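Written below as structure tokens is the structure these notes are about.
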Amino acid sequence: MEKKVSYKELGLVNTREMFEKANKGGYAIPAYNFNNMEQLQAIITACVKSKSPVILQISKGARKYANQILLQYMAGGVIEMAKEMGENIPIALHLDHGDSFELTKSCVDSGFSSIMIDGSALSYEENIKLTKQVVEYAHPLDVTVEGELGVLAGIEDEVSSEVSHYTQPEQVEDFVKRTNVDSLAISIGTSHGAYKFKLQPGETVPPLRFDILEEIEKRIPGFPIVLHGASSVLPEYIEMINKFGGKMENAVGVPEEQLRKATKSAVCKINIDSDGRLAMTATIRRIFAEKPGEFDPRKYLGPAREELIKMYMHKNEEVLGSAQKA
Ligand code: G3H
Ligand code: 13P
Ligand code: ZN
């Protein structure tokens with residue numbers, strides 16, 4: 001059994017103050033997913049070096065993969081690691097796409113400072129009911145809660161959808177009021193994974209639906225908005241993967257300019273997972289191809305970690321604007 005622990009004892013923070021500052025400052029907090037030690041080390045190192053606040057995201061699948069008890073200790077460890085590196089950056093530990101009250105409760109009880117309850121696949125009323133139940137458990141413990149309205153195409157853990165259903169602006173005010181959530185994930189054209197848009201030859205990526213975002217902002221001014229599925233699927237990594245034996249055709253993501261534009265709005269949390277997976281895979285493929293005799297994991301996971309650090313620093317400095325905001 002995992003030990004009951006409050007995130008405050010671990011030195012973590014919830015997302016409330018992070019979002020307030022990000023909204024006022026016109027930038028977004030990076031929410032990077034991790035599943036293993038090297039990814040976690042890279043995220044913390046990049047955010048310490050660029051002095052950025054950060055949200056560490058764990059999906060239900062990641063929690064199962066990495067072991068929930070180990071994760072609890074890893075979360076405590078990163079705070080000490082950041083301090084040892086000389087920076088006391090704000091770090092939140094967040095459950096990504098929680099799908100049941102039991103899972104969210106277990107995360108709150110084991111040191112998470114922020115929770116997403118994703119009821120977007122449910123009916124509107126069922127979504128409200130579940131989200132409210134999570135908020136009522138989390139808030140007395142000062143844990144912040146993210147809800148979701150609208151459906152993203154692609155895979156969200158075990159939930160998958162072929163098509164996206166944009167968030168309906170006329171629902172947001174009622175949803176926020178009745179659930180009392182702290183932030184809201186919306187659907188304005190992004191999707192999860194490395195294949196976000198199906199393009200015909202010569203076609204470019206369609207812009208995100210900033211018109212819907214504006215409508216939402218009008219109805220809930222200043223309320224923290226979250227963008228999922230925000231990887232850019234950087235072409236350099238796709239090229240490297242394909243060059244060194246991989247096969248990822250037609251992989252395409254959200255252009256960085258679109259994300260930069262979003263950070264100037266009420267979007268104050270941007271979720272990125274796939275870009276980390278791609279950077280790591282590309283580097284490991286290159287090393288395996290160039291040094292077929294290499295069999296020490298440190299010799300390929302180490303360079304993959306270095307590449308991740310570079311990529312996350314680029315995001316913080318050039319895309320999200322969170323660098324120097326810790
Ligand atoms: O939104 C989904 C995240 O990228 C997590 O993915 O469920 O495969 O860990 P996962
Ligand atoms: P990407 O697949 O675009 O990285 O999105 C990640 C995400 O939304 C995690 O919740
Ligand atoms: Zn997501």
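Keep in mind that what you see is a predicted model, and the values were worked out from it rather than measured. Remember, it's 1-based here, ligands and their atoms both numbered in the order they're listed.
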Counting from 1 in the order shown, the ligand 2 atoms closer than 4.0 Å to a non-hydrogen atom of Asn33 are 9 (C)

among protein heavy atoms, the one nearest atom 2 (O) of ligand 2 is Ser274 OG, 2.7 Å

Would you say Arg63 and Ser106 are linked by a side-chain donor-acceptor pair, where the criterion is simply a distance under 3.5 Å? yes

Here the atoms of ligand 1 under 4.0 Å from any heavy atom belonging to Asp273 are 3 (C), 4 (O), 5 (C), 6 (O)

of all protein heavy atoms, closest to atom 9 (C) of ligand 2 is Asp96 OD2, 3.1 Å

If we number the atoms of ligand 1 from 1 as shown, the ones under 4.0 Å from a heavy atom of Asp96 are 1 (O), 3 (C)

Between the CD1 atom in Ile55 and the CD atom in Glu146, the distance rounded to the nearest 0.5 Å is 8.0 Å

Does Asp275, backbone or side chain, put an N or O under 3.5 Å from an N or O of ligand 2? no

of all protein heavy atoms, closest to atom 8 (O) of ligand 2 is Gly229 N, 2.8 Å

Q. Quick one: does His97 get an N or O within less than 3.5 Å of an N or O on ligand 1?
A. yes

- Message: Any carboxylate oxygen within less than 4.0 angstrom of a Lys/Arg side-chain nitrogen, looking at Glu17 and Lys21?
- Response: yes

(message) Using a 6.0 Å cut-off, check whether atom OH of Tyr124 has over 12 heavy atoms from anything other than its own residue.
(response) yes

Ranked by distance from atom 7 (C) of ligand 2, the top protein heavy atom is His192 CD2, 3.4 Å

**Request:** Indicate whether the side chain of Tyr73 and that of Asn67 have a donor and an acceptor atom separated by less than 3.5 Å.
**Result:** no

Heavy-atom proximity to atom 1 (O) of ligand 1 ranks first, among Arg63, Met116, His192, for His192

task = Check the pair Glu214, Lys218 against salt bridge (Lys or Arg N to Asp or Glu O under 4.0 Å), reporting the backbone distance first and the verdict last.
result = CA-CA 6 Å; Glu214 273 169 33; Lys218 268 188 216 154; 5.8 Å; no

For the CD atom on Glu84, are there more than 12 heavy atoms of other groups (residues, nucleotides or ligands in this structure) within a distance under 6.0 Å?
no

Under 4.0 Å from one or more heavy atoms of Ser231, ligand 2 contributes atoms 1 (P), 3 (O), 4 (O)

Note: ligand 2 atoms sitting under 4.0 Å from heavy atoms of His228 are 8 (O), 10 (O)

At under 4.0 Å between heavy atoms, what of Ala230 touches ligand 2? The answer is backbone

The atoms of ligand 2 lying under 4.0 Å from a heavy atom of His97, numbered in the order shown, are 10 (O)

protein heavy-atom neighbour closest to atom 3 (O) of ligand 2 works out as Lys196 NZ, 2.5 Å

Exercise. Is the number of heavy atoms from other residues, nucleotides or ligands within 6.0 Å of CD (Glu236) greater than 12?
Worked result: yes

For Ser59, the ligand 1 atoms with a heavy-atom partner under 4.0 Å come out as 5 (C), 7 (O), 9 (O), 10 (P)

Derivation of the ring-ring contact (aromatic ring centres under 6.0 Å, His included) call for Tyr300 and Phe288 = CA-CA 8 Å; Tyr300 50 86; Phe288 281 175; 4.7 Å; yes

Atom name of the N, O or S atom of His192 nearest to the Zn ion (ligand 3) is NE2

In this structure, CD of Glu257 is separated from CG of Leu208 (nearest 0.5 Å) by 10.5 Å

Contact region, Arg277 to ligand 1, non-hydrogen atoms below 4.0 Å, reads side chain

query: Does a donor on one side chain and an acceptor on the other come within less than 3.5 Å for Asn316 and Ser50?
result: yes

| field | Polar proximity ligand 1 side, Asn33 side, N/O cut 3.5 Å exclusive | value | no

Residues at least two apart in sequence or cross-chain that pass side-chain contact (heavy atoms from CB on, under 4.5 Å) with Glu9, listed by chain then number, are Val5, Ser6

Within 4.0 Å of some non-hydrogen atom of Ile272, the atoms of ligand 2 are 4 (O)

To the Zn ion (ligand 3), the closest N, O or S atom belonging to His228 is ND1

Fill in: Met116 near ligand 2 by a heavy-atom separation under 4.0 Å
no

Sorted by chain and number, sequence neighbours left out, side chain to side chain donor-acceptor pair (under 3.5 Å) with Arg285 holds for none

